[in-house]
Asks: 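I have a structure here, written as structure tokens, and I will follow up with some questions on it.
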Amino acid sequence: MVSKPRGTRDFTPEEMEKRRWLEKEIRNIFELYGYREISTPTIEHLELFTLKSGEGIIEETYSFEDKSGRKISLRPELTAPAMRFYVESMQMETKPLKIYYFGNCFRYDRPQKGRYREFWQFGCELIGSDKPEAIAELISLSYDILKEVGLRNIILRIGNLDILRRFLDSIGARDARIMRLIDKKDYDELKKELGEEEFKKFMDFIKIKKIDEIEYEEAERMGEILSLIDEFSIPYNVDLSIARGLDYYIGTVFEIDAPKLGAEKQICGGGEYNLVPLLGGKKIPTSGFAIGFDRTLLALEAEGFEFNKKEKPVYVAYMGEMIREAIKITKLLRKNKIKSEMDLMGRSISKSLEYANKKGMKKVIIVAPEEWEKKKIILKDMEKGEQREIDIDEILTLLVNHS
RNA sequence: GCCUGGGUGGUGUAGCGGUAACAUAGGGGACUGUGGAUCCCCUGUCCCGGGUUCAAAUCCCGGCCCGGGCCCCA
């Protein structure tokens, strides 16, 4: 037997119903905020990702050479492609430019819960403004999406890299290694690196919960952003320990966790960054975030969220040799957009009802010779257990009113 | 890449050297014109490859896959 590749998944009809539902909800909220959807290729030049993230990522991507020897990679994320698209053909669009996207990504990782080799992400970019209201709206949007789809237990943390870097300058400890240790929350190692005294200063620094306790000028802008987020009625925690290893991250950073998910609990991350010049475009403020689609769904399931069930089809059963008449009826229903399914197993009426019952169908039409002679069929209500003969001409009005 | 637990019909499990079993799901029938109950029948399984043994689902080794934790998380 050939099975699916490690870290990939098949989705059952039940799962696809949930996924398509969630996808639609999230799209609607992006659109509600004035974002418009884009889509980029599944494959990109490997260079796009090494440019953004360094050579180190090569071993974590699915990359290969195509038949002309081009180095190609299955996209491990969607931000870089979206930025590439902007630089390649959207630089002259009216600002602010608000775009969002949804797609599958691939990473060569060790799979575990909430982490797959093929996974889906939603994301967006806000291009052209770094005003406090722009960042405030962006962050509010991310939180709003997760709340609106039905998550109850999520935590938004907001930090600021300018402030963090300014602090590290003040204790003479600003370098990439230190940032990485902070990012990883490896405080034991950080203590060794900074020394007892400076480490204590750091711990005091990241305990800060009110931004007005900070005297750096960057704090003023962050304060303004936070007060505008208050206007959007979004709850958050200030968390100055949020770090990012790479240089193009600037200013505001934020993360949203669903604590129920354990080790892989982060479901959203974003902030401000300066990627456009790296890709050869004209410098412009950009910010955005990405939402882990699979994890959002896992979090909903972990919270016991009740997904809407789709409407069940009307079932058309028939007796004996009435298959042609059954097709006529089914065709009529479908022509009128009434979801319907007819017996394809040649089952007896008894077995047909058993089947319809098991599938949770609410209406069954039985096509039988005696009634057909009178231009009638039997319409059975599976919940009430009642049935009656009705004129074929009446089917549509009855089913439209009853379903 | 590392540590750790695990893989038995479609699904959930028992068996843990000696004829693979139970439940459930699937198909049919009892009920040739009526569902949810009951009963009967049928289909279908030891992840893969080596090794040990008279004998391996069972023990050993390797691989693959799944879960949990690291690393990483652009």
Side-chain angles (χ1 to χ4, degrees), chain A residues 1-10 12 14 44 46-61 63 73 75-83 105-117 119 121 123 180 183-186 189 242-249 255 261-271 273 275 278 288 290 292 295 298 315 317-322 343-372 377-389:
Chain A
M1 186 180 69
V2 179
S3 57
K4 61 192 176 305
R6 184 172 164 79
T8 62
R9 292 160 293 163
D10 294 320
T12 60
E14 288 72 24
E44 293 276 357
L46 175 61
E47 187 192 6
L48 175 65
F49 304 109
T50 54
L51 213 53
K52 176 170 181 256
S53 314
E55 299 290 321
I57 63 144
I58 295 177
E59 65 181 60
E60 288 173 66
T61 60
S63 41
S73 172
R75 58 189 178 193
E77 49 140 339
L78 296 171
T79 304
M83 283 292 147
C105 301
F106 302 84
R107 290 186 191 178
Y108 200 89
D109 256 337
R110 164 77 172 75
Q112 50 183 280
K113 192 182 181 65
R115 164 175 264 186
Y116 309 98
R117 288 187 171 179
F119 59 98
Q121 272 194 348
R180 284 177 64 80
D183 192 15
K184 291 191 324 196
K185 308 227 180 299
D186 187 349
E189 198 58 35
I242 303 177
R244 289 284 140 86
L246 295 164
D247 286 340
Y248 55 80
Y249 288 105
E255 296 177 350
L261 293 187
E264 303 291 334
K265 67 183 191 319
Q266 192 184 326
I267 54 177
C268 174
Y273 32 76
L275 262 178
L278 204 58
R295 290 183 189 180
L298 280 173
Y315 188 72
Y318 62 91
M319 276 168 190
E321 307 299 314
M322 305 292 285
D343 173 29
L344 298 177
M345 298 280 281
R347 282 188 168 106
S348 65
I349 291 304
S350 176
K351 285 292 176 184
S352 272
L353 290 174
E354 194 176 316
Y355 169 82
N357 179 54
K358 218 166 347 192
K359 298 284 256 185
M361 290 159 168
K362 304 216 179 341
K363 304 278 187 210
V364 173
I365 286 174
I366 300 169
V367 183
E370 260 177 53
E371 288 79 2
W372 192 261
I377 51 90
I378 298 166
L379 177 62
K380 178 158 183 143
D381 184 310
M382 293 295 282
E383 289 169 311
K384 291 177 192 152
E386 293 165 359
Q387 68 179 49
R388 57 189 171 127
E389 290 180 20

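Chain naming here is simple, since letters A, B, ... match the order of the sequence lines and numbering starts at 1 in each.
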Asks: Enumerate all atom pairs, one protein N or O and one N or O from nucleotides 2-4 of chain B, separated by less than 3.5 Å.
Replies:
residue: B:C2; atom: N4; partner: A:Arg110; partner atom: NE; Å: 3.4

Asks: Which part of the nucleic acid does A:Glu55 contact within heavy-atom distance under 4.0 Å: base, sugar-phosphate only, or nothing?
Replies: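 The answer is nothing, as A:Glu55 stays clear of every strand by at least 4.0 Å.
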Asks: For A:Cys268, check side-chain contact (heavy atoms from CB on, under 4.5 Å) against everything at least two apart and list the hits.
Replies: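 Testing A:Cys268 for side-chain contact (heavy atoms from CB on, under 4.5 Å), a comparison that skips the adjacent residues, returns A:Ser142, A:Leu146, A:Phe254, A:Ile256, A:Phe289, A:Ile291.
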Asks: Restricting to nitrogen or oxygen on both sides, can you table the protein-nucleotides 38-41 of chain B pairs closer than 3.5 Å?
Replies:
none

Asks: Using the test side-chain contact (heavy atoms from CB on, under 4.5 Å), find all partners of A:Glu59 that sit at least two apart in sequence or belong to another chain.
Replies: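 For A:Glu59 there are no side-chain contact (heavy atoms from CB on, under 4.5 Å) partners, ignoring immediate neighbours.
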Asks: Using the test side-chain hydrogen bond (donor to acceptor under 3.5 Å, both in side chains), find all partners of A:Arg115 that sit at least two apart in sequence or belong to another chain.
Replies: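 side-chain hydrogen bond (donor to acceptor under 3.5 Å, both in side chains) check on A:Arg115 returns nothing, list empty.
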Asks: Please list, chain by chain and in numerical order, all residues satisfying side-chain contact (heavy atoms from CB on, under 4.5 Å) with A:Leu278, sequence neighbours excluded.
Replies: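 A:Tyr248, A:Leu275.
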Asks: With A:Arg244, which residues qualify under salt bridge (charged side-chain N to carboxylate O under 4.0 Å, His left out), at least two apart?
Replies: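 Listed in chain order: A:Glu255.
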Asks: Using the test side-chain hydrogen bond (donor to acceptor under 3.5 Å, both in side chains), find all partners of A:Glu77 that sit at least two apart in sequence or belong to another chain.
Replies: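 A:Glu77: side-chain hydrogen bond (donor to acceptor under 3.5 Å, both in side chains) contacts with A:Lys52.
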Asks: For A:Ala368, report the nucleic acid contact type (base, sugar-phosphate, nothing); a contact means any heavy atom under 4.0 Å.
Replies: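 Base contact - A:Ala368 has a heavy atom under 4.0 Å of at least one base atom.
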Asks: Going by the rule side-chain hydrogen bond (donor to acceptor under 3.5 Å, both in side chains), which residues pair with A:Lys113 if we only count those two or more places apart in sequence or in a different chain?
Replies: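 For A:Lys113 there are no side-chain hydrogen bond (donor to acceptor under 3.5 Å, both in side chains) partners, ignoring immediate neighbours.
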Asks: Spell out protein contact along nucleotides 24-31 of chain B as letters: B when the base is contacted, S when just the sugar-phosphate is, - when no protein heavy atom is under 4.0 Å; keep the 5' to 3' order.
Replies: --SSBB--
Asks: Could you work out, with side-chain hydrogen bond (donor to acceptor under 3.5 Å, both in side chains) as the rule, every residue matching A:Ser53, not counting sequence neighbours?
Replies: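 Testing A:Ser53 for side-chain hydrogen bond (donor to acceptor under 3.5 Å, both in side chains), a comparison that skips the adjacent residues, returns none.
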Asks: Could you pull out all residues at least two apart from A:Arg347 that satisfy side-chain contact (heavy atoms from CB on, under 4.5 Å)?
Replies: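 A:Asp343, A:Met345, A:Lys351, A:Ser352, A:Tyr355.
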Asks: Indicate, with a heavy-atom threshold strictly under 4.0 Å, whether A:Arg180 touches base, sugar-phosphate, or nothing.
Replies: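 A:Arg180: backbone/sugar contact only, no base atoms under 4.0 Å.
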